[in-house]
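Chain letters run A, B, ... following the sequence lines, proteins first, then strands; residues in each count from 1.
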There are 2 protein chains.
Amino acid sequence: MRGERLHGFRALCRQRDLAVTHQRTIIYEALFSMSGHPSPEQVYERVRQQIPSISLATVYKTINTFLETGIVHEASLHHGSLRLDSNLEPHHHMVCTKCKAIFDLEPEAIGPVLMKGALPNGFRVQRLSVEVLGLCERCANSQNGSLQGVNQRLAS
Amino acid sequence: MRGERLHGFRALCRQRDLAVTHQRTIIYEALFSMSGHPSPEQVYERVRQQIPSISLATVYKTINTFLETGIVHEASLHHGSLRLDSNLEPHHHMVCTKCKAIFDLEPEAIGPVLMKGALPNGFRVQRLSVEVLGLCERCANSQNGSLQGVNQRLAS
DNA sequence: GTACCTGCAAATTTTTTGCGCGACA
DNA sequence: TGTCGCGCAAAAAATTTGCAGGTAC
């Protein structure tokens, strides 16, 4: 199991032309062993148990590399800054995973969402939100990532 | 129209025991007039056109007040810090709007999501994500803070 | 050997806080 | 008139960057 995972990590890195370093290996192990949806800070604390000299900057850089290459995902949309929605009517969003632009969807664009199973432990539902994640036209057409900031500004 | 909105704002404030100040009124107007999903910084830039002397701190404080009292929502979950998800299999999340905790849902917990309408402008879909927003057991049971009571009353 | 990776420190960005004056109710 | 809100400046939190030395391939 552990060997499998390590082998998998080496393969993942090779596919992406990433060097297999000790730090990356330990961070990868940490990410997959942590049950919740950890923050970089929490990953750092965990990784320090095995590499006390590691720096938080390395954890950030590695996580960003993993995100860019699809080794992990963001659990939240994480729009680095707060984004407000003044439309209190139920509606859904389309989010560009590259430039982080948010687009409203018509309420009818998404069919009714069925909740089948029981929710854990007395969770009190307020509302449901569907997010269609993908690439907006601009990002889909631009091969380089350098316009990201520009796109985000233009998108609003 | 404009009068209606202003009247509505006064009523919203009265329901929540908030003072109706000039700054709050202008920020409210700005939020509802901006089509996108603006960041506090963008709201600040807009509001400055009408109140050049306003401070960014006031914009933040006011936005937080509006969020706490349900006058606006967060367009992103905004977990102030990046949260990672090492599970690349399709699955959905339950998010506590108060403590921001993220819980995984079983893939079967949510029925298939139907997309009916056309998506805007060549958006390339990568994946769908359903978020069940609400209060986790701990937050639902802690009744502290008068603001929460207001929220709950208004939510039902 | 070369290009990429890491650690450190400093810089940026985003958001919050403390405090004294002023405005709303 | 008393309490709450505002502006200012400073602090805190989150993330990124530049650079010099080290490591993977």
Look at the rings of B:H91 and B:H93 and say which category their plane angle falls in: under 30° parallel, 30 to 60° tilted, over 60° perpendicular. perpendicular
Flag side-chain contact, heavy atom, 4.5 Å: B:V72 against B:F32: yes
Heavy-atom check, side chain of B:L67 versus side chain of A:L82, under 4.5 Å: yes
Any chain of hydrophobic side-chain contacts (each under 4.5 Å) joining A:M94 to B:L128? yes
What salt bridge (charged side-chain N to carboxylate O under 4.0 Å, His left out) pairs are there with at least one residue in residues 72-81 of chain B, not counting sequence neighbours? B:E74-B:K100
Exactly one of A:T97, A:I102, A:L133 should register a side-chain contact (heavy atoms from CB on, under 4.5 Å) with A:L77. Which one does? A:L133
Side chains of A:H92 and A:D104: any donor to acceptor distance under 3.5 Å? no
Residue pair A:A30 / A:V47: nearest heavy atoms and the distance that separates them: CB-CG2, 3.7 Å
Contact string for nucleotides 8-18 of chain C, one letter per nucleotide 5' to 3', B = base within protein heavy-atom range under 4.0 Å, S = sugar-phosphate only, - = neither, reads BB----SBBBB
Side chains of A:R10 and A:T25: do they bring a donor and an acceptor to under 3.5 Å? no
Chain B vs DNA chain D, heavy-atom contacts under 4.0 Å, first-to-last nucleotide span, 5' to 3', is D:dG5 to D:dT15
Heteroatom pairs (N/O) under 3.5 angstrom, protein to nucleotides 21-25 of chain C:
residue, atom, partner, partner atom, Å
C:dA25, OP1, B:V20, N, 3.1

Per the end-axis method with five pairs at each terminus, what is the bend angle of the helix from C:dG1-D:dC25 to C:dA25-D:dT1, to 10°? 50°
Non-neighbouring partners of B:R48 that pass salt bridge (Lys or Arg N to Asp or Glu O under 4.0 Å), sequence neighbours left out: B:E45
Residue from A:I27, A:I26, A:T21 passing side-chain contact (heavy atoms from CB on, under 4.5 Å) with A:R24: A:T21
May I ask you to check whether over 12 heavy atoms, not counting those of A:R16, lie within 6.0 Å of atom CZ? yes
